[in-house]
Each structure stands twice: as structure tokens, then as C-alpha cells.
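Inspection log for the structure reproduced underneath, given as C-alpha cells.
Residue indices begin at 1 and follow the sequence shown. All figures in this text were calculated on a predicted structure; none of them were measured in a lab.
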Amino acid sequence: MLGIVRRNVGGAGGLYSQGFGRLRPVASAIRNYSSGGKEMTVRDALNSALDEEMAADPNVFVMGEEVGEYQGAYKITKGLLDKYGPERVLDTPITEAIDHVINSAAKSNYMSAGQINVPIVFRGPNGPAAGVGAQHSQCYGAWYGSVPGLKVLVPYSSEDARGLLKAAIRDPDPVVFLENELLYGESFPVSAEALDSSFCLPIGKAKIEREGKDITITAFSKMVGYALKAAEILEKDGINAEVINLRSIRPLDRATINASVRKTNRLVTVEEGFPQHGIGAEICASVIEDSFGYLDAPVERVAGADVPTPYAANLERMAFPQIEDIVRAAKRACYRSVPMAASA
């Protein structure tokens with residue numbers, strides 16, 4: 001994982017896996033930005049966000065495995081070493097100690113009675129990749145999302161990547177920024193507002209990617225695209241699905257989720273992580289607690305299989321949600337007929 005660190009602010013500095021941070025307080029834009037205009041890959045969105053935040057604040061620096069000379073394993077930090085030099089782009093040995101994230105970064109502010117801020121961003125690939133086996137292909141959203149003191153962000157589009165990474169860098173607290181490596185090369189339309197150097201998205205606010213009235217589908221990261229494609233298929237069968245891009249795992253935008261469920265009366269949660277103790281389970285609990293009386297059907301959870309990720313391509317595909325899985329779950333919630341073989 002790559003981290004973005006800012007230099008000491010009230011105590012803690014950056015000394016973890018791969019990090020990035022800044023001194024300025026966050027100034028998130030609350031308004032929604034419409035997509036359109038120029039196309040940008042997620043990779044370029046992340047790179048430009050890093051570049052602009054480093055240019056804006058000399059206290060921002062990057063450290064991590066292969067971030068300098070190699071320009072990042074996925075070329076997210078391309079050009080930063082040449083532009084900002086080795087004092088602000090530091091190559092470090094490989095570090096995979098989660099203790100620094102969970103026990104140091106997450107707890108320092110609380111244990112110091114608010115005297116120590118830890119303005120650090122831990123960012124890097126998350127979720128299933130392709131053909132890399134069990135140890136390199138899994139989602140850690142639920143892991144980090146269960147830890148008080150952390151903020152956990154999960155971008156889907158290029159606009160998400162730019163706006164959320166800028167917000168994370170400017171935030172005074174530790175942020176875990178989970179990217180899907182299969183999205184790095186994907187291009188998305190971005191608005192003129194999103195290309196502005198001042199662009200920033202609010203942390204903890206979900207985005208309704210598609211409005212609907214019959215069923216709510218929540219998703220994050222790569223699964224947002226799958227949910228949108230499933231919604232198009234469902235539309236042909238007369239089911240109008242609302243798709244929510246969570247953007248943030250912690251804090252979770254419970255208000256947006258519950259407001260949608262109270263409108264549609266049905267819910268499907270989608271994630272690539274394991275089902276037990278998953279993000280979908282947390283969303284289900286929130287809806288049961290706040291909107292149980294509005295549900296017209298049991299909540300459907302679509303998640304990864306409860307097994308380590310298989311290496312074989314055919315088994316790997318079966319281990320993670322596909323578009324047809326989301327369609328079947330939505331139809332079950334809407335009491336539409338689903339072939340027995342498909343629903344098994």
C-alpha cells in the first residue's frame with residue numbers, strides 16, 4: 001500500500017507503508033459536480049491530484065515502495081520525483097505491517113486527548129485483481145472500516161479519485177484510500193469543475209449515480225460499474241433501480257442509504273469482500289435499525305464467496321459478484337421469477 005504523509009502536525013509524522021498528507025485544513029466542496037466533458041483515466045486522476053496537492057503545500061510528501069525511481073508500481077506517482085526531488089518523494093523498503101495503521105495512526109489522536117493529529121493517507125490497490133491468487137486479491141474495506149479513528153474512502157470514477165484523494169490529503173486524520181487496480185486504466189468523463197485544482201469532495205457523502213423508484217442498490221469501487229450495468233438490464237424488465245456509489249466506507253452515509261430505501265422499499269448491497277462481517281452486513285443493520293418498517297422484501301446481499309480467492313480464472317470469476325448476480329438478487333427482492341438454476 002502507498003501512503004501519503006504530511007510532516008509533523010501536533011506530533012505524529014509519516015513513517016508508514018506508503019503515505020501522503022498535508023497541513024491545510026480540509027475545505028470540501030459540498031455541491032455535486034456533474035460528469036461530462038473531458039475523459040480522464042483513474043490513474044491520471046490520482047496522479048494529478050497528488051501533483052496539485054504537493055504543488056499547493058511544500059509540507060506534503062510521498063513515501064513508499066517504488067514510488068520514486070520506478071514512479072509507482074502502477075505509475076500513479078509518475079513524474080513526481082523529477083518535479084519535487086528525493087526529499088519529498090522517498091523510496092522505502094517494502095512494509096506490510098498493519099500495526100502502524102491500526103494501533104498507531106488510528107489511535108494517536110484519541111490516546112493523546114486530541115493533542116496529536118495524524119494527517120496521513122494510506123493509499124494503494126484493494127480488492128480482487130486478476131490471476132494473482134489469494135494473497136494479492138481481496139478486499140480490506142470491512143477490515144479498515146471497523147476501526148475507530150480511521151476514515152476509509154473507496155473511489156469509483158476519475159472524479160471520485162481526484163476529489164476524494166484531495167480531501168484525504170487535506171484531512172487532519174488518518175485516511176485509508178482503497179483503489180481498485182483494474183480501474184486504473186479506465187477512462188471516465190470529468191467536468192470542468194473536477195479539473196480545477198480547488199476541486200474537493202466531502203468525506204462521508206455517498207453519490208446517487210442513478211435515480212430509481214423500485215429498488216436501491218448500494219456498491220463501491222469497481223462494483224458501482226457492475227451495479228449500473230445491472231440497472232440497465234433490470235430497466236428492460238420494468239424494474240427501475242436506484243444505484244448508490246458509497247464513496248466512503250467510514251464514515252458511512254447512512255442518511256442517503258436510508259432515504260433511498262424509504263423511497264424504493266427494497267435493498268441490494270453489492271461488494272467484492274467476504275460476506276461475513278462485511279460492509280453489506282453493516283448497511284443491512286443500519287436499514288433494519290432505521291427503516292425496517294419501509295421494507296417490502298428481505299434485504300439481498302451480493303458479496304464475494306467465503307473462500308480465499310482461487311487462482312484459476314474460471315473459479316476466480318465464480319468467487320466474485322458478476323452483473324448477472326446483481327440482476328438476480330434485485331429480481332428476487334422485487335418478487336420477479338428467477339430460474340431455479342440461476343438462483344441456486
Side-chain angles (χ1 to χ4, degrees), residues 1-28 46-47 49-68 72-73 76-77 80 84 86-126 140-141 143-155 161-179 200-204 248-251:
M1 176 175 288
L2 179 140
I4 304 153
V5 189
R6 44 183 157 166
R7 303 185 193 276
N8 290 359
V9 181
L15 34 98
Y16 310 118
S17 175
Q18 301 177 29
F20 193 104
R22 74 156 52 233
L23 286 169
R24 277 190 319 203
V26 68
S28 298
L46 294 167
N47 179 265
L50 295 179
D51 187 9
E52 289 171 6
E53 294 304 296
M54 293 182 74
D57 189 338
N59 288 297
V60 175
F61 66 98
V62 180
M63 61 188 297
E65 182 192 0
E66 298 180 333
V67 299
I76 305 300
T77 53
L80 299 185
Y84 298 104
E87 289 190 352
R88 295 182 65 192
V89 182
L90 297 83
D91 281 315
T92 67
I94 185 171
T95 305
E96 296 179 340
I98 198 172
D99 177 70
H100 296 312
V101 184
I102 302 302
N103 281 329
S104 295
K107 296 179 173 63
S108 293
N109 185 265
Y110 174 81
M111 294 176 69
S112 68
Q115 297 181 73
I116 298 177
N117 289 109
V118 186
I120 182 170
V121 181
F122 300 94
R123 58 150 294 268
N126 175 70
Y140 288 100
W143 284 39
Y144 292 117
S146 68
V147 180
L150 294 179
K151 295 175 181 176
V152 184
L153 304 182
V154 282
R162 270 183 61 81
L164 292 176
L165 184 54
K166 283 173 167 288
I169 294 169
R170 300 177 188 186
D171 198 272
D173 298 315
V175 179
V176 176
F177 198 86
L178 302 176
E179 306 155 8
C200 194
L201 289 171
I203 291 176
S248 177
I249 298 301
R250 187 180 186 104

Considering non-hydrogen atoms only, spot the tightest contact between [X] and [Y] and give its length.
| X | Y | answer |
| --- | --- | --- |
| Leu178 | Gly141 | CD1-CA, 3.7 Å |
| Tyr140 | Asn126 | N-OD1, 2.8 Å |
| Arg88 | Asp57 | NH2-O, 3.0 Å |
| Pro155 | Glu179 | CG-CG, 4.5 Å |
| Ser248 | Val154 | N-CG2, 4.1 Å |
| Ala167 | Leu201 | CB-O, 3.2 Å |

Measure the spacing between [atom1] of [X] and [atom2] of [Y] and express it to the nearest 0.5 Å.
| X | Y | atom1 | atom2 | answer |
| --- | --- | --- | --- | --- |
| His100 | Ile98 | NE2 | CD1 | 11.5 Å |
| Asp91 | Glu65 | CG | CD | 9.0 Å |
| Leu164 | Phe177 | CG | CZ | 5.5 Å |
| Leu50 | Lys166 | CG | NZ | 9.0 Å |

With side-chain contact (heavy atoms from CB on, under 4.5 Å) as the test, would you mind laying out the steps for Asn117 and Asp173 before giving the verdict? CA-CA 6 Å; Asn117 289 109; Asp173 298 315; 4.2 Å; yes
Judged by atom type as modelled, is there a donor-acceptor pair below 3.5 Å linking the side chain of [X] to the main-chain atoms of [Y]?
| X | Y | answer |
| --- | --- | --- |
| Ser104 | Val101 | no |
| Tyr84 | Asp51 | yes |
| Thr77 | Gly72 | yes |

Please assess Tyr144 against Ile249 for the test side-chain contact (heavy atoms from CB on, under 4.5 Å), listing each intermediate value before the final yes or no. CA-CA 9 Å; Tyr144 292 117; Ile249 298 301; over 6 Å; no
Out of the candidates Ile76, Leu80, Val89, Thr92, only one should pair with Val67 under the side chain to side chain contact (heavy atoms under 4.5 Å, CB included) rule; please name it.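 Exactly one candidate clears the test, Val89.
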With Pro174 as reference, evaluate Val121, Val152, Val147, Ile120 under the side chain to side chain contact (heavy atoms under 4.5 Å, CB included) test and give the passing residue.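 Single pass found, and it is Ile120.
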If you define the side chain from C-beta out and look only at heavy atoms, does anything of [X] sit under 4.5 Å from [Y]?
| X | Y | result |
| --- | --- | --- |
| Phe61 | Leu90 | yes |
| Lys107 | Ile102 | yes |
| Met54 | Val62 | yes |
| Arg250 | Pro148 | yes |
| Leu153 | Val176 | no |

